[in-house]
Amino acid sequence: MTDAQTGPGSSSEPTLTPQPQLTHPGLTHLDAEGRVRMVDVGDKAVTTRTATAEGVFRTRPEVVTMVAGDDLGKADVLATARLAGIGAAKKTSELIPLCHQIPLNSVKVRFDLDAPAGEIRVSATARTTGRTGVEMEALTAVSVAGLTLHDMIKAVDPLATMDGVRLATKTGGKRGDWTRESDDESARAASGRTAVESGRSAVVVVSSTAAAHGRREDTTGPAIEGWLLERGFSPVEVHVVPDAEIAAVVTEQVRRSPAVLLTTGGTGVAPDDRTPEATAPHLELELPGVAEAMRARGLASTPTAAMSRGLAGFSGRTLVANLPGSSGGVRDGLAVLDELLDHLLAVHAHGGGH
């Protein structure tokens, strides 16, 4: 029993411990006791409301070209994905338990193809005249359109991903108009960061079976992470993986399109040194001079630097570079990149001038 009980022979009444009243400010789907509920919107005003959501479907550049030319041998890929997104928006209340059934005035699903980057940007705008918003309808449309794209192209690229599904804008209702850009700018101003600084993500992949299995401590990953953070990259992720998994991990990370992807280890001549082989298929624009400059920097202090087979280049908008696995090799590679990194990103990834 949950109520307090009296002991044997006691004549006193049971004592009940008062329970604290729980509050969840801002969480309208929870009641005062923390239980889920469907929000009562009966007293809200009937207004015209819109919402736009967006996401990015990432695949290989040649696959985007095939989609654009309707060369996949299936039904029209984009038309099928568009119909799926519209249909999903109409069924949102059946998919999301606490969503209201609302009359949709319109749902528009759009695709923006960027073949060189290997991206299909998906956006959906939902519109209603009612008492509650259509954010979930727009988000559901984008999500299901992206899933349909994956279903249509999985035979040629099973590693494709749908990333960054998010609300972009909304209008109507008590809170009025809202845009993600205005909130992003306010957050950057409060943190003192610029748009370039906050948008430059980076990934470090350490290829080391011993470090991945805990047999030795890796120092190269933290060193590269600190170097990137000092230069305004954020967020910076570090992944330590066995040598045998380097190909799968590099493939997954280039799909996510960070601004920079740096690997360390696996560039030598041992049987399990396979980082260059894992990197090569993804380089659409090779930078052999950068790789040679890193080797030349290392040769100034150690002859074994000539054995490094590391590569450098661009995969879409991502700058990829293989650094050696030694702390000295990492130091030499970063010294070369320190003189070139901003220029490379500005000229290639962001379309800047020379």
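Note that these values count all heavy atoms, side chains included, but never hydrogens, waters or copies made by symmetry. Numbers here are sequence positions counted from 1.
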#### Entry: N/O donor-acceptor pair under 3.5 Å between Thr128 side chain and Pro103 backbone
yes
### Message
Can you tell me which residue among Val269, Thr302, Asp273 is in a side-chain contact (heavy atoms from CB on, under 4.5 Å) with Met307?
### Response
Val269
### Query
Is there a donor-acceptor contact under 3.5 Å linking the side chains of Arg49 and Thr132?
no
## Note on the structure
CD of Glu230 to CG of Asp338, rounded to nearest 0.5 Å, is 9.5 Å
### Message
Test: side-chain hydrogen bond (donor to acceptor under 3.5 Å, both in side chains). Region: residues 85-95. Which pairs qualify, not counting sequence neighbours?
### Response
none
#### Entry: Residues which pass salt bridge (charged side-chain N to carboxylate O under 4.0 Å, His left out) with Glu339, listed by chain and number, not counting sequence neighbours
Arg297
### Query
Is it true that the side chains of Thr267 and Asn322 contain a donor and an acceptor less than 3.5 Å apart?
no
### Message
Any salt bridge linking Lys154 with Asp151? Criterion: basic side-chain nitrogen under 4.0 Å from a carboxylate oxygen.
### Response
yes
### Query
Run the side chain to side chain donor-acceptor pair (under 3.5 Å) check on Thr50 and Thr171 step by step: do they pass?
CA-CA 5 Å; Thr50 66; Thr171 66; 2.5 Å; yes
### Task
Using side chain to side chain donor-acceptor pair (under 3.5 Å) as the criterion, list what pairs up with Arg309, not counting sequence neighbours.
Glu277
#### Entry: Donor-acceptor contact present, side-chain Arg295 to main-chain Ser308, <3.5 Å
yes
### Message
Given Thr318, which partner from the list Val203, Leu261, Val260 fulfils the side-chain contact (heavy atoms from CB on, under 4.5 Å) test?
### Response
Leu261
### Query
Please, which pairs that meet salt bridge (charged side-chain N to carboxylate O under 4.0 Å, His left out) have at least one residue in residues 116-130, sequence neighbours excluded?
Arg58-Glu119, Asp112-Arg121, Asp114-Arg121, Glu119-Arg121, Glu119-Arg317
### Query
With a 4.0 Å cut-off, would you call Arg166 and Glu135 a salt bridge?
no
### Query
Where do Val205 and Leu262 land on the side-chain contact (heavy atoms from CB on, under 4.5 Å) test, with the steps shown first?
CA-CA 6 Å; Val205 178; Leu262 299 181; over 6 Å; no
### Residues in side-chain contact (heavy atoms from CB on, under 4.5 Å) contact with Thr251, at least two apart in sequence or another chain
Leu159, Arg255, His282
Quiz: residues 218-229 side-chain donor-acceptor pairs under 3.5 angstrom, not counting sequence neighbours:
residue: Asp218; atom: OD1; partner: Thr220; partner atom: N; Å: 3.3
residue: Asp218; atom: OD1; partner: Thr220; partner atom: OG1; Å: 2.6
residue: Asp218; atom: OD2; partner: Gly221; partner atom: N; Å: 2.9

### Query
Is Ser326 reaching over with its side chain to a backbone N or O of Gly329, donor-acceptor style, under 3.5 angstrom?
yes
#### Entry: Pair Thr125-Arg110, side-chain donor/acceptor within less than 3.5 Å
yes
### Query
Is Asp76 salt-bridged to Arg82, going by a charged N under 4.0 Å from an acidic O?
no
